[in-house]
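So the structure is just underneath, and the comments pick up after that.
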Amino acid sequence: MSETGQDAPHRRVVVQELTSLDGFVAGPSGELDFFEAVPDYGEVDRRNLRLLADTDLALLGRNTYQMFSDYWPTDEAQGEVVAEAVNAIPKLVFSSTLDSAPWGKWEPAQLWAGDAAERVQRLRREPGGDMIVWGSITLARALLAAELVDEIQLHVVPVLLGQGRRLLDEDTGMHSLTLLESTGYDCGVVTLRYGVGRAA
């Protein structure tokens, strides 16, 4: 068995991101204004509920946790298709600066201040469903570099940003990808799902 445990059965890690057509997941200062290029994500979200059916833990970095917790547990979000699923799923936040991670009236998130890859590697060996990384660019890159990601799901938004923050950089290494699904929606979003191979 390999050091990462990839040759043995394990819980899967899925990285799921919204991205512009030219590959940016945030603007130059981390802004997410490009999400507004799509006025209604309902069709995408309904498909996403099926993708989340086997998921029982969300992995978040500090910035994404703070952004999500400021919106999803609030009354403003309760009309969203995925609100119930997002709020109910257990969460693990990787942060060395937070003292607690409340989530409105729902169970607070767990906190982990240590090495993310080490923690996820241990979690992969435990019984359970899939683990999903939402946003959290730094965390996603670290898990990819450590060869701990099994699938990448990209919701490609029909907009070109020209500049910003990319999900992948030179530190994540080269990985072979296998297309698992390509689904287009009337709103212009295309969902791409890739199985992730080992780094070269």
Side-chain angles (χ1 to χ4, degrees), residues 12-27 29-61 63-93 101-109 128-137 139-140 149-162 164-168 177-196:
R12 298 188 328 130
V13 175
V14 177
V15 170
Q16 186 181 86
E17 304 282 347
L18 264 72
T19 175
S20 68
L21 183 58
D22 49 352
F24 296 104
V25 293
S29 300
E31 63 270 26
L32 302 176
D33 301 3
F34 77 94
F35 288 12
E36 298 172 10
V38 177
D40 183 4
Y41 283 92
E43 189 180 10
V44 182
D45 287 344
R46 284 189 288 276
R47 172 59 181 146
N48 212 30
L49 285 177
R50 295 193 290 274
L51 294 177
L52 292 173
D54 296 323
T55 303
D56 63 13
L57 184 63
L59 308 175
L60 304 172
N63 290 338
T64 299
Y65 156 72
Q66 290 176 324
M67 180 178 65
F68 275 27
S69 64
D70 284 344
Y71 177 70
W72 287 109
T74 68
D75 291 340
E76 181 183 359
Q78 296 321 297
E80 300 268 8
V81 173
V82 294
E84 183 177 349
V86 171
N87 287 323
I89 190 171
K91 302 162 188 73
L92 176 60
V93 178
W103 197 272
K105 66 182 181 181
W106 286 268
E107 286 292 319
D130 291 350
M131 297 177 280
I132 190 164
V133 179
W134 280 321
S136 310
I137 300 171
L139 174 62
V149 174
D150 300 277
E151 183 175 331
I152 296 175
Q153 299 175 2
L154 301 176
H155 298 303
V156 183
V157 177
V159 66
L160 299 173
L161 290 187
R165 299 188 64 193
R166 297 186 184 276
L167 170 61
L168 307 177
L177 302 176
T178 302
L179 182 64
L180 304 175
E181 178 186 355
S182 175
T183 304
Y185 305 94
D186 291 341
C187 64
V189 172
V190 175
T191 293
L192 300 171
R193 294 176 52 222
Y194 290 97
V196 181

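None of these values were measured; they are calculated from a predicted model.
Across Thr64 and Ser136, no two heavy atoms sit closer than the pair OG1-N, 2.8 Å. In terms of heavy-atom proximity, Val157 sits nearest to Ala37 at CG1-CB, 3.9 Å. Between Tyr185 and Thr183, the shortest heavy-atom contact is CE1-O, 3.5 Å. For the residue pair Ser20 and Val159, the shortest heavy atom distance occurs at CB-O, 3.4 Å. Shortest non-hydrogen contact noted between Gly162 and Asp22 is N-OD2, 2.7 Å. Considering all non-hydrogen atoms of both residues, Cys187 and Asp40 come closest at CB-O, 3.7 Å.
Interatomic distance, CG of Leu92 versus CG of Leu57, reported as 6.0 Å (0.5 Å rounding). Rounding to the nearest 0.5 angstrom, the gap separating the CG atom in Leu154 from the CD atom in Gln16 is 9.0 Å. Rounding to the nearest 0.5 Å places CH2 of Trp72 at 11.0 Å from CH2 of Trp106. Expressed to the nearest 0.5 Å, how far CG of Leu139 lies from CG of Asn63 amounts to 11.5 Å. The CG atom of Asp54 sits 11.0 Å away from atom CD1 of Ile132, with the distance rounded to the nearest 0.5 Å.
Taking the six-membered ring where the residue is Trp, Tyr41 and Phe35 present perpendicular rings, their angle passing 60° and hence far from 30°. Ring geometry for Trp103 against Tyr65 counts as tilted: the plane angle lies between 30° and 60°, on a 0 to 90° scale.
Enclosure of atom CD in Glu84 is not indicated, since only 12 or fewer non-hydrogen atoms of other residues, nucleotides or ligands lie within 6.0 angstrom.
Side-chain contact between Ser182 and Thr191 is absent, with no heavy atoms from C-beta onward closer than 4.5 Å. Side-chain contact check for Val14 versus Thr55: every heavy-atom pair is 4.5 Å or farther apart. Within the 4.5 Å cutoff, the side chain of Met67 has heavy atoms near those of the Leu32 side chain. Using a 4.5 Å heavy-atom cutoff, the side chains of Thr19 and Leu167 are not in contact. Side-chain contact check for His155 versus Asn48: some heavy-atom pair is nearer than 4.5 Å.
Of the residues listed (Val44, Leu51, Leu49), the one engaging Arg47 in a side chain to side chain contact (heavy atoms under 4.5 Å, CB included) is Leu51, and it is the only one.
Inspection of the Glu76 and Thr74 side chains reveals no N or O donor paired with an N or O acceptor under 3.5 Å.
The main-chain N or O of Glu107 is never found under 3.5 Å from a side-chain atom of Lys91 such that the two would form a donor-acceptor pair. Distance alone, capped at 3.5 Å, places no donor-acceptor pair between the Asp56 side chain and the Gly128 backbone. Side chain of Asn87 to backbone of Ala83: a donor-acceptor contact under 3.5 angstrom is found.
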